[in-house]
J.: 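The structure is given below, and queries will be raised subsequently.
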Amino acid sequence: MTVPHPLPTWIKYAATAAAVQLVVACGGGGGAGSPEVLGTTIRPVESVAAPAGLAAGSACDLKYTITQHPVLTGADPLLASQWHLHNQGQSGGKSGEDIRVAGAWPLAKGEGVIVGVIDDSVELVHPDLAPNVVPGSVSFRPGNEGGWPVPCRAAEDDHGTAVAGILLARDDNGRGGSGVAPRASLIGYDALSTSLDLHLYEALTRDNQRVAVYQNSWGSPDTGAVSDAGDLFSQAISRGINEGRGGLGSIFVFSGGNGGQGDNSNLDGFANKRGVIAVCAVDDHGRRAEFSEPGANLLVCAPGVGSNKGVSTTALLGDYRSDFAGASAATPMVSGVVALMLSARPSTLEALTWRDVQLILAGTARRNDPLDPLWTRAAGGSGWVHPFYGYGVVDAEAAVKAARTWTSVGGSAQQKRCDSGVKIAGQAIPDQPSGAALSVNLKLDCPGISRIEFVEIEVTTEHSYHGDLRIDLTSPAGFSSRLVDARRCYTAGSDSCGRYNGWRFGTQRHLNESAQGVWRLDVTDLKAGDQGALTQWRVIVHGR
Amino acid sequence: MAVEPKDLTVLHQRRRAIRLLSLSGLGLVAALAPLHHARSQPVSTLASLGWYDGDRWRPLALVADKVADFSPSRISQTSVIETGQPDVLRSAVLRDESGRLRALPGGLIVRFRQGTTAQQAREQLAALGLKVSRQIGEDQWLIESPIGLESLRRANELHASGRFANVQPNWWVERRLR
């Protein structure tokens, strides 16, 4: 059955070449009717082939035909309600608790930057997204391979469409609200519609000379279990940061997770990799969102939920919603800020690398919830850092201004690496009630790294319940990263938390410290009963 | 230390009308359903289930009461599998150490050692009777293999042959939008 598409008549007519290729409406007929109003020049409907796989006979409810629409100008009616962009207390929150994008927009709106949204389907034909769509979107869905990654059924989830709207919904077009980077370009990949390893690899590496930012509001189930991402994913990230954008590196932005205090973002192999920006969420008072996870791997936060409403963004069938929430909402805000940074960089300077982007975000983030006692002054002089907030809430204005003058530290090729090699520990971890930690040390001889950017810690333990363990890393400067805390897990069919079997934790907390010296690992068993030992560990430092 | 897999017997799946379970978070292509009449493998064989993730051996456990349906019409999580769907579109479901569900839609991802040219890769694959679906990276290829546990068996066998840098099934894995 064909579901009527409620797009207004005028959406069938386009004035831009990009829109001619992309704007579609449902119901067939080619949109050849007369325009009612709008635009002084209405171009004739062009004949363009229907999206592959979505032609008549496909299993989709929604049918798409190619039409045209005019590009409007005018104030965005929902902008005033987008508290995450400019918080004036309209959601019941605290004025000023936003991403401070208003001061960034006069400098850049994302022009010239292509963002790949990896999600389920994205309604590329949504009138608030279509003007920003550029060729290159791909569907992986069976029956629609190679076609547009647009929704197939009216009842489909609109996650990808909502994420894309937060990131780059068109501004000043008299419709809806605005994305964080409203003039950035959009490519959609619906790899989460299949969730196959191959499709995710292909999406994360696709077009990586054109696509600058890969936006990912997804990850492992938030069960508290150790969840590896797999070797194929690691290859995709390595390939992106080493080869993407001509060696400048692809920017990968991932959700830090919705598992709350009982989970840890560092247990998700998608979110704790070197080269990945892991994003946490705060509410409209600037406090931790209840669902947001702690993690030493977190870099920055963004708003993810309001007091009495969510985030206003695009929804299916040309519609809008004001209840979108979660790390899924926070993550595209950071992707949007990255697009603004890349766009704002003067062409007279060398372009920003993936490392530059992470350093700028951390260095310019705002210390939200400043009275929270868990804030600690970072040992490397990089401001303050917090187990739930990373370096704080992303500050678009400060990041964009910094991006305009930043001296690049180079890309992957210029980053130094120092590896302790595997250290055999083979020591029992004291069980409760002793409360004592097993402490082991190793000395890193890394004179070449005076400013750390990322630390990987590989840990293997043998234990009858790994969820009993708290693991802390302390740097030569005496600064600690809590890699994981004791927890209960919620894995279907068991309460297993998985195993630390060569598990690689990541930490962003040691920015700009020196790598040289003695590193300490403390492993504490916080619950009586189950017992075990630390088998081996390893520290790998990346920096300059 | 990596554990060598024992022989894997292909699990033949024979079942009829099955009602889909709804999975929150994803519009899954691999719709999961209870497995009513599967012929189960001996426990000793199931204990050795696993796969090579690069250099790591990842243990798996068979989830006996579920099956993954990869028929192309499974584009909505609210669809219902019709009676008499061909069995070839269904895979056994496994659970990894993280508790995530996995299934095998068919296809192997083969990675060659650095320095292998595309021509050499094609020749090696052809010599082994492996049919290329397509190249997916400089040194990676997608190889045809059937849906289900047979793909796992072939991946492990090829990996263990030492001819390749890595061979893994093209997994469907439970992930969350968040």
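By convention in this document, chain letters (A, B, ...) are assigned in the order of the sequence lines, proteins followed by strands, and residues within each chain are numbered from 1.
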J.: Main chain of A/G498, side chain of B/S98: is a donor-acceptor contact present, judged purely on distance under 3.5 Å?
T.: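 The answer is no, because no donor-acceptor pair under 3.5 Å joins these two groups.
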J.: When only pairs under 4.5 Å are counted, which of A/S217, A/G160, A/A327, A/G224 shares the most heavy-atom pairs with chain B?
T.: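 Option with the greatest count: A/S217.
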J.: Consider side chain to side chain contact (heavy atoms under 4.5 Å, CB included). Of A/D231, A/D228, A/N501, which one does B/R58 pass it with?
T.: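 Result for side chain to side chain contact (heavy atoms under 4.5 Å, CB included) with B/R58: A/D228.
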J.: Atom CG in A/L196, atom CD1 in B/I109: separation rounded to 0.5 Å?
T.: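 A/L196 CG to B/I109 CD1: 9.0 Å, rounded to 0.5 Å.
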J.: By side-chain contact (heavy atoms from CB on, under 4.5 Å), which residues pair with A/C301, not counting sequence neighbours?
T.: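 Partners of A/C301 by the side-chain contact (heavy atoms from CB on, under 4.5 Å) criterion, ordered by chain and then number, come out as A/C280, A/V282, A/Y389, A/V393.
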J.: Go through the atoms of A/F291 and report whether side chain, backbone, both or neither lie under 4.5 Å from a heavy atom of chain B.
T.: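 Contact with chain B is absent: no heavy atom of A/F291 under 4.5 Å.
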J.: When you measure from the side chain of A/S195 to the backbone of B/V173, do you find a donor-acceptor pair of N or O atoms at a distance under 3.5 Å?
T.: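 At least one qualifying donor-acceptor pair exists.
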J.: With a 3.5 Å cut-off and no angle check, do the side chains of A/S255 and B/R178 form a donor-acceptor pair?
T.: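 Yes, a side-chain donor-acceptor pair sits under 3.5 Å.
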J.: Which residues pass the side-chain contact (heavy atoms from CB on, under 4.5 Å) test with A/E290, not counting sequence neighbours?
T.: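 Partners of A/E290 by the side-chain contact (heavy atoms from CB on, under 4.5 Å) criterion come out as none, since no residue qualifies.
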J.: Determine, for B/R175 against A/D197, whether the closest basic-nitrogen to carboxylate-oxygen distance falls under 4.0 angstrom.
T.: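 Looking at A/D197 together with B/R175, the answer is yes, because their closest N to O distance falls below 4.0 Å.
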J.: When rounded to the nearest 0.5 angstrom, what distance separates CZ in B/R176 from OG in A/S328?
T.: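 Reported to 0.5 Å precision, the distance equals 12.0 Å.
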J.: Among A/D190, A/T331, A/V163, A/L232, which has the most heavy-atom pairs under 4.5 Å with chain B?
T.: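 With the most close heavy-atom pairs to chain B, the winner is A/L232.
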J.: Can you tell me how far the CG atom of A/L192 sits from the CG atom of B/L177, to the nearest 0.5 Å?
T.: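 That separation rounds to 5.0 Å.
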J.: When heavy-atom pairs shorter than 4.5 Å are enumerated against chain B, which of A/G230, A/A330, A/A329, A/A325 gives the highest number?
T.: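 Result: the option with the highest number of such pairs is A/G230.
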J.: Select one option (side chain, backbone, both, neither) describing which atoms of A/L267 are under 4.5 Å from chain B's heavy atoms.
T.: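 No part of A/L267 comes within 4.5 Å of chain B.
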J.: Chain A heavy atoms under 4.5 Å from B/I136: which part of the residue, side chain, backbone, both or neither?
T.: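 Both backbone and side chain.
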J.: Between A/G326, A/S234, A/G502, which shows the greatest number of heavy-atom pairs under 4.5 Å with chain B?
T.: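 Highest number of pairs under 4.5 Å: A/G502.
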J.: Quick check for you: to the nearest 0.5 Å, what is the distance between A/R239 atom CZ and B/E138 atom CD?
T.: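 Reported to 0.5 Å precision, the distance equals 8.0 Å.
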J.: Does a side-chain heavy-atom distance below 4.5 Å link B/E174 with A/P221?
T.: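 Result yes, sub-4.5 Å side-chain heavy-atom pair found.
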